[in-house]
Amino acid sequence: MADRTILILLGPPGAGKGTQARVLADRFGLVQLSTGDLLRAAVAAGTEAGRAAKAVMEAGGLVSDEIVLAILKDRMAEPDTARGIILDGFPRTAGQAAALDVLLAQKGEAVTAAISLEVDDAAMIGRISGRFTCAGCGEGYHDEFKRPASPGVCDKCGGTHFNRRADDNAETVAQRLKAYHAQTAPLIAHYEGLGVLEPVDAMQDIDKVAAAMGAIVARVAA
Ligand code: AP5
């Protein structure tokens, strides 16, 4: 898998990592790996990792590096990732970034680009509180910024059931923003040091952000 494209999406809760990861995955044939989604699946399945993660996620803190790495490592090695992966919500701590560097180096790989979605914190509460996703295919929507073309029907799969996340309340979002600034924002300097940082103005509308990110991936992808 030495020629895989390895993209990292960095940004606070609500920056648009999930929204843009899905667009890039479709356009470039990459696989979106969201540690948030993997952890929520573990919680729903009631696995040991899921039971350990549940309370931390509900409080807006960060799940231990050990659990996150165990969940992600196997998924990164699956055959459908041969063309490349988009890491959405990982790494989130210096320990995770160091572990990822080692894991990739062992396979002769390296991070292709770390795209940093730059936003104002104040706007993130509104983005998160209006968010909902299709229960069938996971497509993301927003009450104001991205409504389904036909109300109540998913544009992508035609599903009619939608979910809102348990951790999308003002109090938990404030904690998630705090965790981001304390533990994840410092990673921007790490990837700048590696020469792979690509900042994007993510306060623009969704299509403009997608165009800016698409141009970066078209330039750097293997
Ligand atoms: P996770 O699921 O990763 O959540 P997050 O980082 O808080 O990010 P979000 O999913 O809330 O935001 P997003 O940037 O994807 O925004 P979205 O595209 O949906 O993590 C959840 C929890 O799991 C963590 O708190 C932690 O406990 C745990 N966890 C996960 N990974 C971990 C790790 N590596 N280590 C430790 N713990 C971990 O967009 C938001 C809304 O805005 C949508 O409705 C969208 O339609 C809209 N929108 C998007 N872009 C725009 C735009 N440009 N303009 C207007 N609206 C927009």
Side-chain angles (χ1 to χ4, degrees), residues 8-25 32-43 49-50 52-73 75-76 86-97 99-100 115-121 123-134 138-148 155 162-185 187 200-213:
I8 290 172
L9 303 191
L10 290 170
K17 302 180 297 294
T19 302
Q20 298 299 339
R22 284 186 289 275
V23 174
L24 293 174
Q32 173 194 10
L33 297 185
S34 155
T35 42
D37 287 349
L38 292 170
L39 287 165
R40 279 184 287 279
V43 171
K54 190 170 186 284
V56 179
M57 293 174 77
E58 282 172 357
L62 291 184
V63 176
S64 76
D65 289 355
E66 196 190 357
I67 289 178
V68 174
L69 283 161
I71 284 185
L72 189 72
K73 209 170 158 183
R75 184 65 188 91
M76 276 177 65
I86 304 168
L87 294 169
D88 159 10
F90 178 92
R92 252 179 159 97
T93 64
Q96 291 177 15
L100 177 66
I115 304 178
S116 172
L117 282 78
E118 299 188 335
V119 290
D120 298 335
D121 274 12
M124 296 304 103
I125 308 274
R127 281 198 192 175
I128 287 177
S129 50
R131 167 168 62 184
F132 57 100
T133 53
C134 172
E139 182 66 2
Y141 294 98
H142 191 279
D143 292 328
E144 187 184 342
F145 306 123
K146 189 185 169 204
R147 298 191 195 113
D155 297 345
F162 297 88
N163 293 327
R164 289 184 191 256
R165 271 169 48 180
D167 62 346
D168 281 352
N169 56 75
E171 197 183 317
T172 308
V173 172
Q175 286 308 317
R176 285 158 57 197
L177 281 167
K178 239 177 168 174
Y180 171 79
H181 287 292
Q183 297 184 72
T184 310
L187 300 187
V200 165
D201 173 6
M203 290 305 292
Q204 307 174 91
D205 68 34
I206 293 174
D207 291 345
K208 284 193 179 141
V209 179
M213 292 175 70

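Ligands are counted one by one from 1 in listed order, and the atoms in each one are counted from 1 as well. Because only heavy atoms are used, hydrogens play no part in the values below, and waters and symmetry mates are left out as well, while side chains stay in. From a predicted model like this one, the values you see are computed outputs, not experimental measurements.
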Purely on distance, is any nitrogen or oxygen of [X] under 3.5 Å from one on ligand 1?
X: Asp168; result: no
X: Thr35; result: yes
X: Gly14; result: yes
X: Gln204; result: yes
X: Phe145; result: no
X: Phe132; result: no
X: Asp167; result: no
X: Val63; result: yes
X: Ala15; result: yes
X: Lys146; result: no

With heavy-atom distances below 4.0 Å as the criterion, list the atoms of ligand 1 near [X].
X: Ile206; result: 48 (N), 50 (N), 51 (C), 52 (C), 53 (N), 54 (N), 57 (C)
X: Gly18; result: 13 (P), 15 (O), 18 (O)
X: Tyr141; result: 43 (C), 44 (O), 46 (O)
X: Ala202; result: 53 (N)
X: Gly61; result: 25 (O), 26 (C), 27 (O)
X: Lys17; result: 5 (P), 6 (O), 8 (O), 12 (O), 13 (P), 14 (O), 15 (O), 16 (O), 18 (O)

May I have the list of side-chain donor-acceptor pairs in residues 54-62 shorter than 3.5 Å, sequence neighbours left out?
residue, atom, partner, partner atom, Å
Lys54, NZ, Glu58, OE2, 3.1

Checklist entry - Heavy-atom contacts under 4.0 Å between Gln20 and ligand 1: side chain, backbone, both, or neither? => result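 Near ligand 1, Gln20 shows nothing, with every heavy atom at 4.0 Å or more.
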
Checklist entry - Where the closest heavy atom to atom 20 (O) of ligand 1 is concerned, which of Arg92, Arg176, Met57 has it? => result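 Considering heavy atoms of Arg92, Arg176, Met57, the nearest to atom 20 (O) of ligand 1 sits in Arg92.
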
Next on the checklist: Checking Thr35 now: which residues fulfil side chain to side chain donor-acceptor pair (under 3.5 Å) with it, not counting sequence neighbours?
Outcome noted: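 Checked Thr35 against side chain to side chain donor-acceptor pair (under 3.5 Å); zero matches.
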
